[in-house]
Undergrad: 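Below is a structure I'd like to ask you about.
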Amino acid sequence: MTTPSPAMPGDERLRASPTRHPLRQLARLLAVPALLLCVQGGAQAEKQTKDTVQAWITTGDQTQLMARGADASFQSGTRAATIIEVDPAQRFQEMVGFGAAITDASAWLIQNRLNPQQRGALMNELFGKEPGVNFSFTRLTIGASDFSRHHYSFDDMPPGQTDPALAHFSIEPNRADVLPVVKAALAINPDLRVMASPWSAPGWMKSTDSLIQGTLKPEAYAPFAAYLSRYIGAYEKEGVPIYALTLQNEPHFEPKDYPGMRVEPAKRAAFIGGHLGPVLAKEHPQTRILDWDHNWDEPGSPAAVLQDPAASKYINGVAWHCYGGDVRVQAALHDRWPDKDTYFTECSGGKWAPVWSDNLQHFARTLVIGTTRGWAKGVLLWNLALDENDGPHLGGCKDCRGVVTIDSRDGKVTRNEEYYALAHASRFVRKGARRIASTSGYDQLDTVAFRNADDGSVALLVVNSAKAPRSFAVRLAPGQRSFNYTLPAASVATFTWKP
């Protein structure tokens with residue numbers, strides 16, 4: 001990741017378009033009030049009628065954490081001054097899901113700092129359906145990132161030596177931690193989609209002969225394409241299909257103390273069009289190629305690659321990070337290439353933004369609502385889990401925060417702001433759901449709505465960024481059926497109802 005800038009939740013507003021939780025023993029996970037409310041809500045959901053609206057609320061003061069609010073009911077007409085219109089007939093992208101990256105650090109903590117009971121409870125909570133939060137999208141690193149305990153690729157060679165035939169290729173470094181955790185997640189949620197990104201090609205393929213800095217040598221294009229294909233095949237043999245792939249994490253950033261590689265647009269286009277695209281089309285046609293995998297502040301870089309006809313025909317979509325720029329560039333690029341999908345693939349919270357309430361609103365408003373209103377089919381945050389020291393890591397970010405924090409001394413877990421922001425979408429928006437139209441950005445209320453494919457149920461996320469409660473009506477098109485609700489200050493809510 002690039003160096004994060006302070007989160008400024010009040011600075012980014014998405015306008016309408018027609019378009020520490022206390023530490024607890026994981027072994028006592030089912031005693032967590034928020035999860036008990038989920039269990040109770042599951043029982044009540046079976047009795048839900050088409051006129052009943054269920055509400056789930058998280059407040060910035062943490063007095064409510066994914067708590068069941070009072071039900072509402074659809075009625076005819078409304079006199080509310082603020083009206084959120086929801087129109088299921090206007091449909092947009094089909095969703096893949098929400099989640100976070102299973103980095104080396106996350107996998108190592110889950111495997112080595114939790115006992116079997118704690119591990120099972122946490123994995124079921126994160127990846128399981130109700131009462132779990134149903135993460136259905138995740139990201140792996142192809143080799144090391146800064147959140148690894150040592151730097152490696154899957155084909156390391158001594159300085160000055162090469163291996164163009166990939167005779168030494170092996171995913172052995174992932175066998176102890178990453179593979180068991182990903183397999184466990186897939187066993188819990190077979191709908192889980194796994195994407196992967198390299199932080200660097202093997203050092204011998206690069207101008208620096210090192211995992212650190214440098215760029216890909218032209219003579220290494222074919223071996224690197226084969227390397228990525230070999231990775232996909234090796235993971236498939238382990239029962240882990242790779243849904244999507246990027247050729248480089250943050251290709252315009254060369255970190256000085258952990259793996260990275262600069263790949264300019266012309267080189268990415270040449271590599272995809274002449275090597276990676278044809279190889280995957282032949283060997284792994286089910287794996288999508290995504291370009292960019294970097295920040296919103298340089299949309300011209302993926303645009304340049306998409307303008308290359310040889311590369312563009314192999315590119316399924318564009319992946320974005322949050323550390324610079326404005327989320328609205330996603331929609332702008334999508335307008336130019338509506339046939340290319342959009343994914344949001346990395347953002348981290350950290351100690352540089354210490355206010356829990358501000359972080360909750362920022363992550364829910366910009367990274368869940370903003371990205372999906374900007375056509376993202378999948379939304380990923382960075383580390384799924386880190387420890388009490390913001391690690392383990394080797395170089396890179398020293399104060400990043402995981403979606404959950406695992407205390408390495410006793411396995412206790414903190415569910416962080418990012419957990420709740422994601423859960424307000426992931427628990428209620430299932431794979432195959434469609435984003436539908438909703439008005440947003442009025443009276444400090446931001447929204448996004450989805451309709452699930454399996455039962456037609458609707459999930460509406462609303463963020464109240466005001467410092468006071470906000471009252472509003474939600475009106476369902478067509479017609480005048482609506483319900484009224486008042487949200488607490490600085491809160492996030494998900495409303496669900498049957499058609």
Undergrad: To the nearest 0.5 Å, what is the distance between CD1 on Ile289 and CG on Asn316?
TA: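 These two atoms lie 9.0 Å from each other.
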Undergrad: Taking the inter-plane angle between the rings of His393 and Phe147 on a 0 to 90° scale, is it parallel (under 30°), tilted (30 to 60°) or perpendicular (over 60°)?
TA: tilted
Undergrad: Keeping to residues at least two apart or across chains, list the disulfide (SG to SG under 2.5 Å) pairs with something in residues 204-271.
TA: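 The answer is none; no pair qualifies.
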Undergrad: Measure from NZ or CZ of Arg230 to the centre of the six-membered ring of Phe169, then state whether that distance is under 6.0 Å and the direction lies within 45° of the axis.
TA: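 Pair Arg230/Phe169 counts as cation-pi.
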Undergrad: My understanding is that only residues two or more places apart in sequence, or in another chain, count here; which of them pass side chain to side chain donor-acceptor pair (under 3.5 Å) with Ser153?
TA: Asp156
Undergrad: Would you please name every residue forming a side chain to side chain donor-acceptor pair (under 3.5 Å) with Gln248, sequence neighbours left out?
TA: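 Result, side chain to side chain donor-acceptor pair (under 3.5 Å) vs Gln248: none returned.
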Undergrad: Which residues pass the ring-ring contact (aromatic ring centres under 6.0 Å, His included) test with Tyr314, not counting sequence neighbours?
TA: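 Tyr314 satisfies ring-ring contact (aromatic ring centres under 6.0 Å, His included) with no residue once adjacent residues are dropped.
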Undergrad: List the residues meeting ring-ring contact (aromatic ring centres under 6.0 Å, His included) with His252, not counting sequence neighbours, and say none if there are none.
TA: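 Listed in chain order: Trp292.
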Undergrad: Knowing that exactly one of Asn112, Ile110, Asn124 qualifies, which makes a side chain to side chain contact (heavy atoms under 4.5 Å, CB included) with Arg119?
TA: Ile110
Undergrad: Can you name the residues that form a side chain to side chain donor-acceptor pair (under 3.5 Å) with Asp291, not counting sequence neighbours?
TA: Arg268
Undergrad: Would you kindly say whether Thr246 and Ser197 are connected by a side-chain donor-acceptor distance under 3.5 Å?
TA: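 Looking only at side-chain atoms, Ser197 and Thr246 do form a donor-acceptor pair, the distance falling under 3.5 Å.
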Undergrad: Can you name the ring-ring contact (aromatic ring centres under 6.0 Å, His included) partners of Phe344, sequence neighbours left out?
TA: Trp296
Undergrad: Identify, with sequence neighbours excluded, every residue that meets salt bridge (Lys or Arg N to Asp or Glu O under 4.0 Å) alongside Glu264.
TA: Arg262
Undergrad: Any pair with a residue in residues 323-385 that passes disulfide (SG to SG under 2.5 Å), sequence neighbours left out, goes on the list, sorted by first then second residue, please.
TA: Cys322-Cys347
Undergrad: Taking atom types as modelled and ignoring hydrogens, do the side chains of Lys377 and Thr342 form a donor-acceptor contact shorter than 3.5 angstrom?
TA: no
Undergrad: Regarding Ser145 and Asn249, is there a side-chain donor-to-acceptor distance under 3.5 Å anywhere?
TA: no
Undergrad: Strictly below 4.0 Å, N to O, side chains only: are Glu346 and Arg139 in salt-bridge contact?
TA: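 Result for this pair is yes, salt bridge flagged.
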Undergrad: What's the separation between atom CD1 in Ile406 and atom CG in Asp410, rounded to the nearest 0.5 Å?
TA: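 Reported value, rounded in 0.5 Å steps: 11.0 Å.
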Undergrad: Sort out for me which residue in Ile142, Val194, Asn174 forms a side chain to side chain contact (heavy atoms under 4.5 Å, CB included) with Tyr235.
TA: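 Exactly one candidate clears the test, Asn174.
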Undergrad: Is it true that Asp104 and Tyr152 share a donor-acceptor pair across their side chains at a distance under 3.5 Å?
TA: yes
Undergrad: State which residues pass side chain to side chain donor-acceptor pair (under 3.5 Å) with Glu388; sequence neighbours excluded, sorted by chain then number.
TA: Ser408
Undergrad: Is the terminal nitrogen or CZ of Arg435 (NZ for Lys, CZ for Arg) located under 6.0 angstrom from the six-membered ring centre of Phe92 and within 45° of that ring's axis?
TA: yes
Undergrad: Just by distance, no angles: are the side chains of Ser438 and Arg373 close enough, under 3.5 Å, to form a donor-acceptor pair?
TA: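 There is such a pair (donor and acceptor under 3.5 Å, judged by atom type) between the side chains of Ser438 and Arg373.
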Undergrad: What I want to check is whether the side chains of Ser136 and Asn189 have a donor and an acceptor closer together than 3.5 Å.
TA: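 Ser136 vs Asn189: no donor-acceptor pair found between side chains.
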Undergrad: Just jot down the ring-ring contact (aromatic ring centres under 6.0 Å, His included) partners of His284, sequence neighbours excluded, or say none.
TA: none
Undergrad: Could you work out, with salt bridge (Lys or Arg N to Asp or Glu O under 4.0 Å) as the rule, every residue matching Glu254, not counting sequence neighbours?
TA: none
Undergrad: Using a strict 4.0 Å threshold on nitrogen-to-oxygen distance, state whether Lys351 and Asp390 make a salt bridge.
TA: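 Salt bridge: yes.
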Undergrad: Atom OG1 in Thr405, atom CD in Glu418: separation rounded to 0.5 Å?
TA: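 The distance works out to 8.5 Å.
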Undergrad: Run the salt-bridge test on Arg401 and Glu417 with the 4.0 Å N-O cut-off and return the result as yes or no.
TA: yes
Undergrad: Which label fits Phe154 and Tyr231: parallel for a plane angle under 30°, tilted from 30 to 60°, or perpendicular past 60°?
TA: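 Judged by the thresholds at 30° and 60°, the geometry between Phe154 and Tyr231 is parallel.
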Undergrad: May I ask you to check whether over 12 heavy atoms, not counting those of Arg91, lie within 6.0 Å of atom CZ?
TA: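 No, because the 6.0 Å sphere around CZ of Arg91 holds 12 heavy atoms or fewer from other groups.
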